[in-house]
Amino acid sequence: MALMTGEQYVESIRKMNMQIYMFGEKIDSSVDNPILRPSLNSVKATYDLAQLPEYADLMTVKSSLTGEIINRFSHIHQSTEDLVKKVKMQRLLGQKTASCFQRCVGLDAANSVYSTTFEIDKTYGTKYYENFLNYLRYIQEMDLTVDGAMTDPKGDRSLAPSKQADKDLYLRVVERRADGVVVRGAKAHQTGICNSHEVIVMPTISMGPEDKDYAISFALPVDTEGILMIIGRQSCDTRKLEGSQIDVGNSEFGGVEALLVFDDVFVPNDRIFLNGETDFSGMLVERFAGYHRQSYGGCKVGVGDVLIGAAALIADYNGAQKASHVKDKLIEMTHLNETLYSCGIACSAEGNKTESGNYMVDLLLANVCKQNVTRFPYEIARLAEDLAGGLMVTAPSERDLRDPKIGKYVEKYLQGVKGVPVENRLKILRLIENLTLGAAAVGYRTESMHGAGSPQAQRIMISRQGNLSRKKELAKAIAKIK
Ligand code: SF4
Ligand code: FE
């Protein structure tokens with residue numbers, strides 16, 4: 001099976017035996033849970049769109065490993081064109097789901113582990129690259145969704161992993177056996193973990209020799225014994241239990257994050273991709289961060305397209321669309337959104353071949369991309385709120401709209417321009433609320449800030465990659481300074 005259908009994907013997740021906890025209760029699976037199901041639907045969209053001929057060029061690709069047609073989400077980038085298509089695919093999915101569709105993390109992890117294991121093996125004569133190739137072939141053949149797990153809880157940020165009071169605050173090896181290792185720890189903010197089949201775990205920072213037990217990378221099925229997920233709360237999450245399609249803003253799609261706990265989990269040798277080579281931890285982190293910072297130049301832009309569309313619609317429904325300041329705000333939102341896209345495309349087009357043969361984004365431009373993402377969606381959201389008006393946060397519920405006694409007042413006093421049903425006006429306001437303050441704001445706002453690394457992490461990379469000394473030389477040459 002090279003490509004699963006969306007339905008096959010859903011059934012494959014249903015069959016898994018994950019340990020998912022939410023509101024202090026164990027959840028059998030994300031498939032039938034009303035709070036989690038929208039997030040599953042977003043991942044399902046990555047399968048559904050891959051079935052459609054009009055998206056075949058973006059969503060599918062010939063595997064460099066098997067020669068089969070596979071989903072682009074499990075592809076190893078073979079060219080800068082592949083990198084560009086990845087960003088375009090992410091924009092498309094952002095447009096179709098208006099949420100985080102979760103599957104990119106595994107793609108970014110796969111490409112980073114692919115090139116890094118190649119270089120570790122070259123230095124140490126290890127077999128990690130071969131392990132990873134076998135693993136990836138399996139992923140591609142089965143068309144599985146893989147999550148990537150990087151962010152450790154980190155405890156006291158001023159202390160190295162091995163210096164923490166609680167040694168498990170960074171995921172670590174607690175036992176070494178002939179057939180593998182046992183790991184303990186956690187990974188935070190795990191996007192889409194309960195909708196994934198597998199997880200690739202990576203270290204979260206550069207490490208010194210004393211952190212050997214923390215320099216560990218591996219992959220496991222997410223229902224492996226000892227792995228459990230504690231789902232994060234989102235703003236307005238329990239609205240999904242109320243059964244109102246209008247009030248949730250985006251009833252079909254969503255994203256989800258969880259705290260992922262590894263409670264003494266066994267990892268067999270053939271699933272290990274880094275084990276103690278602390279000097280390669282930084283490379284793996286930097287590459288993964290680079291790819292994921294590129295990703296945001298696609299996914300957030302697609303969601304931004306939906307938000308801009310919603311802002312333009314509410315202006316129409318309010319009869320404000322001809323006001324010059326309204327037009328100008330929509331232009332500004334578009335300008336900001338397309339600037340993000342330009343960064344995503346630029347860091348892809350300027351990508352380079354790694355020693356392993358796959359393609360890496362331009363790190364400076366990818367970090368500039370993500371640095372802009374920490375700002376522009378906030379401004380786009382601010383302008384959308386401006387255009388939406390206060391009704392976005394004061395509008396009555398769908399139940400009031402439908403109520404036999406008071407519904408007529410809602411209908412009468414929430415009218416906008418003639419011919420637009422009040423229901424439609426409420427739907428768009430709720431969508432803007434969902435994207436700026438509600439459940440999807442996790443993905444569009446705060447994730448824009450902290451996902452793929454907080455702003456300061458990009459500034460460090462920008463300072464490292466910015467090549468100031470060359471710029472000084474340029475200035476000296478022009479000023480005729482010897
Ligand atoms: Fe993909 Fe964007 Fe979600 Fe990251 S935040 S997994 S890049 S959709
Ligand atoms: Fe993310």
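Order of appearance sets the numbers: ligands from 1, and atoms from 1 within every ligand.
- For the pair Lys44 and Tyr47, the NZ or CZ position fails the cation-pi test of under 6.0 Å to the six-membered ring centre and within 45 degrees of the ring normal.
- The salt bridge (charged side-chain N to carboxylate O under 4.0 Å, His left out) search around Arg382 returns Glu379, not counting sequence neighbours.
- Atoms of ligand 1 lying under 4.0 Å from any heavy atom of Val105, numbered from 1 in the order shown and given with element: 6 (S).
- Applying the salt bridge (charged side-chain N to carboxylate O under 4.0 Å, His left out) rule to Lys96 yields no partners; only residues at least two apart in sequence or on another chain are considered.
- Protein contacts to atom 2 (Fe) of ligand 1 involving N, O or S atoms at a distance below 2.8 Å are Cys299 SG.
- Checking Ser99 against Ser42 by side-chain atom types alone, a donor-acceptor pair falls below 3.5 Å.
- Ionic pairing of Glu119 and Arg287 is present here: one or more N-O contacts between side-chain nitrogen and carboxylate oxygen are shorter than 4.0 angstrom.
- Take Val248 and apply the side-chain contact (heavy atoms from CB on, under 4.5 Å) test, not counting sequence neighbours, and it matches Arg239, Lys240, Ser251.
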